[in-house]
Amino acid sequence: MACKRGALIVLEGVDKAGKTTQCKKLVEALQQSGHPVEMIRFPERSTTIGKLISAYLEKKSDLEDHTVHLLFSANRWEMVPHMKSRLEQGTTLVVDRYAFSGAAFTSAKPGFSLDWCTQPDVGLPKPDLVLFLQLSPAQAALRGHFGEERYETGVFQRAVQQRFEELMKDSSVNWKVIDASQSVEDVHDDITDLSLHVLREARERRLEELWKLCVRPQVSKSRPGGQRWPTPSFDLAHKYQGMLFVNKVLHIFSLNVIICFHFDRKN
Ligand SMILES: Nc1ncnc2c1ncn2[C@@H]1O[C@H](COP(=O)(O)OP(=O)(O)O)[C@@H](O)[C@H]1O
Ligand SMILES: [Mg+2]
């Protein structure tokens, strides 16, 4: 990939945290300062898979929970060629929800682990920055009633918030938490500062793959049914690779000692 690629910036958070408002404002601000930029939102409801998801969210159809999770993931995967080609051309992508929402929403349902929920999205383009718009469910409720769509209930949103908190323990992802209870303009200023910084960094860095080097979440013994990400998971994966390397060096060293000892005895 050419080095001067665009950045992949994702906005996450519970419903009504202000993601869509802030994605639009960020796109406008970057455009005005001369950066090529495009907004993407998930689910992308215009595709064949997106239409199935849309009907499900609008409660016009029912789908089995595993099936719908995989459809959400497939909806992201089908956008990957478009995303990669835009990034390679130097266009920055501002994304309204991504794999983190997928994992947080499904794992908030009974019987789903965070581990299972992250697997279908392993290898997606890894965001350079994930902005988590932090807003308490009580504050979110003040921003208007939840609509008619599936998942729009206070109880479910609280469970989703907890899952996001688990996901944020994964230090292989560049999470930045934004206080979304501030005014729209103050939130925008925080987001723009962080994004401009990442835009400069991304130009010189390769696009990575999401959750590829992660050690998978483990079941917490202290919280039955809960999961935790080993922290920092990225470091653990590297430590493991480091141990393999040391192991190889020791093997070669021992082999040398045996050969030398053998020849020494012969002579
Ligand atoms: N910082 C803010 N303060 C107060 N209201 C906000 C703020 N950001 C967004 N809103 C309002 O809250 C509602 C939800 O915003 P939206 O951007 O659609 O959230 P999301 O996409 O996260 O669900 C909208 O009516 C929007 O105008
Ligand atoms: Mg929205």
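Keep in mind that what you see is a predicted model, and the values were worked out from it rather than measured. Below, each value reflects all heavy atoms present in this structure, side chains not excepted, and no hydrogens, waters or symmetry copies. Order of listing sets the numbers, starting from 1, for every ligand and every atom in it.
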- Task: Identify which one of Q157, E165, R158 satisfies the side-chain hydrogen bond (donor to acceptor under 3.5 Å, both in side chains) criterion when paired with Q161.
- Result: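 It is E165, the one option of Q157, E165, R158 that forms the side-chain hydrogen bond (donor to acceptor under 3.5 Å, both in side chains) with Q161.
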- Message: A quick test of your reading: do over 12 heavy atoms of other residues, nucleotides or ligands sit less than 6.0 Å from NE2 of H197?
- Response: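 Open.
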- Message: Check this for me, if you would: do R150 and E58 make a salt bridge, where the nitrogen-to-carboxylate-oxygen distance has to be below 4.0 angstrom?
- Response: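 Not counted as a salt bridge, because no side-chain N and carboxylate O are separated by less than 4.0 Å.
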- Item | Lys/Arg N to Asp/Glu carboxylate O, R143 vs D15, below 4.0 Å |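 Looking at R143 and D15, the cut-off is not met.
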Residues [X] and [Y]: side-chain donor-acceptor under 3.5 angstrom:
{"X": "Q182", "Y": "D189", "result": "no"}
{"X": "H82", "Y": "E38", "result": "yes"}
{"X": "Q162", "Y": "E166", "result": "no"}
{"X": "K109", "Y": "Y151", "result": "yes"}

- Message: Against D128, only a single residue in K176, R200, R206, R205 fulfils salt bridge (Lys or Arg N to Asp or Glu O under 4.0 Å); can you say which?
- Response: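 Only one of K176, R200, R206, R205 forms a salt bridge (Lys or Arg N to Asp or Glu O under 4.0 Å) with D128, namely R205.
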- Message: At a cut-off of 2.8 Å, what protein N/O/S atoms sit near the Mg ion (ligand 2)?
- Response: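 Near the Mg ion (ligand 2), the protein supplies T20 OG1.
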- Near ligand 1, which protein residues have a heavy atom under 4.0 Å away?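 Answer by chain and number: V14, D15, K16, A17, G18, K19, T20, T21, R143, A180, Q182, S183, V184.
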